[in-house]
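Comments concern the structure below.
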Amino acid sequence: MASQRTLILVKPDGVHRRLIGTIISRIENKGLSLAAMKMLNVTPELSRQHYAEHVEKPFYPQLEEFITAAPVVAMIVQGPEAVTVMRNIIGATNGREAAPGTIRGDYGCSRQMNMVHGSDSEESAAREIDIYFEASEICEYTPILNDWSFASDEV
Ligand code: IDP
Ligand code: MG
């Protein structure tokens with residue numbers, strides 16, 4: 001099982017609600033690691049790139065207004081099956097349906113203002129990481145706790 005990378009955003013509502021630390025804590029407590037992190041303003045152009053699959057949908061103008069309205073915190077999260085593990089931690093899109101114990105299930109009740117973005121596949125992760133980060137911004141290191149968090153064939 002190979003270690004994976006996934007693109008995570010704390011969205012503008014998560015930043016305004018001071019949930020950045022809470023969200024990072026959940027990621028770290030789960031045993032995943034950060035490989036990169038920065039705060040930035042998403043421009044309309046960046047939004048269209050990121051959400052290319054949604055640009056033609058009726059809700060897209062509303063989504064663009066939301067994601068560009070305040071800064072986001074972008075992160076690359078790394079670990080075994082990081083894409084799926086993060087989607088499970090984040091929970092279903094609509095906070096009203098997201099399971100308790102997930103971030104969206106515990107902290108919100110909105111379909112749009114759902115605090116976190118997580119890539120939905122390895123292919124999406126590679127595409128999104130490329131959109132948000134330069135190669136020089138990604139840190140290569142092996143977290144020392146990996147030895148006490150995973151069997152050798154899991155990372
Ligand atoms: P995901 O974030 O769980 O992968 P997607 O369906 O990819 O969900 O939608 C991307 C984002 O667009 C959602 O996280 C949410 O913020 C917003 N969104 C999705 N569906 C709707 C909708 O029907 N109305 C308004 N915003 C939506
Ligand atoms: Mg999605």
Side-chain angles (χ1 to χ4, degrees), residues 1-135 137-139 154-155:
M1 188 187 315
S3 184
Q4 279 181 348
R5 284 175 173 168
T6 185
L7 189 275
I8 302 299
L9 300 181
V10 179
K11 295 183 182 183
D13 56 329
V15 171
H16 268 293
R17 291 179 56 195
R18 302 192 180 95
L19 289 170
I20 300 167
T22 298
I23 290 165
I24 293 174
S25 287
R26 286 197 173 212
I27 294 167
E28 291 195 320
N29 289 343
K30 184 66 179 166
L32 300 177
S33 300
L34 291 172
M37 178 162 66
K38 63 184 172 186
M39 194 174 213
L40 73 149
N41 288 294
V42 174
T43 61
E45 187 192 358
L46 179 56
S47 173
R48 285 193 296 275
Q49 262 184 286
H50 176 171
Y51 287 121
E53 64 173 323
H54 298 312
V55 166
E56 301 301 329
K57 295 187 181 159
F59 67 81
Y60 180 76
Q62 203 180 320
L63 173 59
E64 184 183 291
E65 189 180 347
F66 163 54
I67 204 75
T68 60
V72 302
V73 174
M75 295 172 257
I76 299 175
V77 170
Q78 187 165 325
E81 298 188 62
V83 170
T84 303
V85 171
M86 280 308 307
R87 292 286 288 190
N88 289 341
I89 290 177
I90 291 168
T93 304
N94 185 337
R96 295 187 288 279
E97 292 161 9
T102 64
I103 296 168
R104 288 168 174 173
D106 285 352
Y107 291 100
C109 257
S110 170
R111 182 176 54 185
Q112 179 185 265
M113 301 220 175
N114 56 12
M115 298 158 287
V116 197
H117 166 80
S119 309
D120 65 8
S121 67
E122 242 186 316
E123 295 69 35
S124 300
R127 190 185 75 83
E128 293 169 4
I129 285 170
D130 215 39
I131 289 172
Y132 279 88
F133 288 95
E134 306 281 345
E137 295 175 307
I138 303 173
C139 297
E154 289 179 311
V155 281

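In each ligand, atom 1 is the first atom listed, and ligand 1 is the first ligand listed. Count residues from 1 along the sequence.
Checked by distance only, ligand 1 and Arg111 come closer than 3.5 Å through their nitrogen or oxygen atoms. In terms of polar-atom proximity, Gln62 is not counted as a contact of ligand 1, lacking any N or O under 3.5 Å from an N or O of the ligand.
For ligand 1, the atoms lying closer than 4.0 Å to a non-hydrogen atom of Asn114 are 13 (C), 14 (O), 15 (C), 16 (O). Atoms of ligand 1 found under 4.0 Å from any heavy atom of Tyr51, numbered from 1 in the order shown, are 10 (C).
For the pair Arg17 (side chain) and Tyr107 (backbone), a donor-acceptor distance under 3.5 Å is present.
Under the 4.5 Å side-chain criterion, counting only non-hydrogen atoms from C-beta, Met37 is not in contact with Ile76.
With a 4.0 Å heavy-atom cut-off, ligand 1 is reached by the backbone of Thr93 and by its side chain too.
Of all the listed residues (Arg104, Arg87, His117), Arg87 holds the heavy atom that lies closest to atom 4 (O) of ligand 1. Of the candidates Glu53, Lys57, His54, Glu64, the one placing a heavy atom closest to atom 10 (C) of ligand 1 is His54. Closest heavy-atom approach to atom 25 (C) of ligand 1 within the set Phe59, Tyr60, Phe66: this belongs to Phe59.
Between Leu34 and Met75, the shortest heavy-atom contact is CD2-SD, 3.5 Å. Closest approach of Arg87 and Gly118 over heavy atoms only: NH1-O, 3.0 Å. Summarising the geometry of Ala52 relative to Arg127, their closest heavy-atom pair is CB-NH1, 4.5 Å, with the distance given to 0.1 Å.
The shortest contact between atom 17 (C) of ligand 1 and any protein heavy atom is with Leu63 CD1, 3.8 Å. Residue, atom and distance of the protein heavy atom nearest to atom 16 (O) of ligand 1 are Gln112 O, 2.8 Å.
Within the cation-pi definition used here (under 6.0 Å to the ring centroid, within 45° of the axis), Lys11 does not qualify as a partner of Phe66.
Tyr60 and Glu64 share a side-chain donor-acceptor pair at under 3.5 Å.
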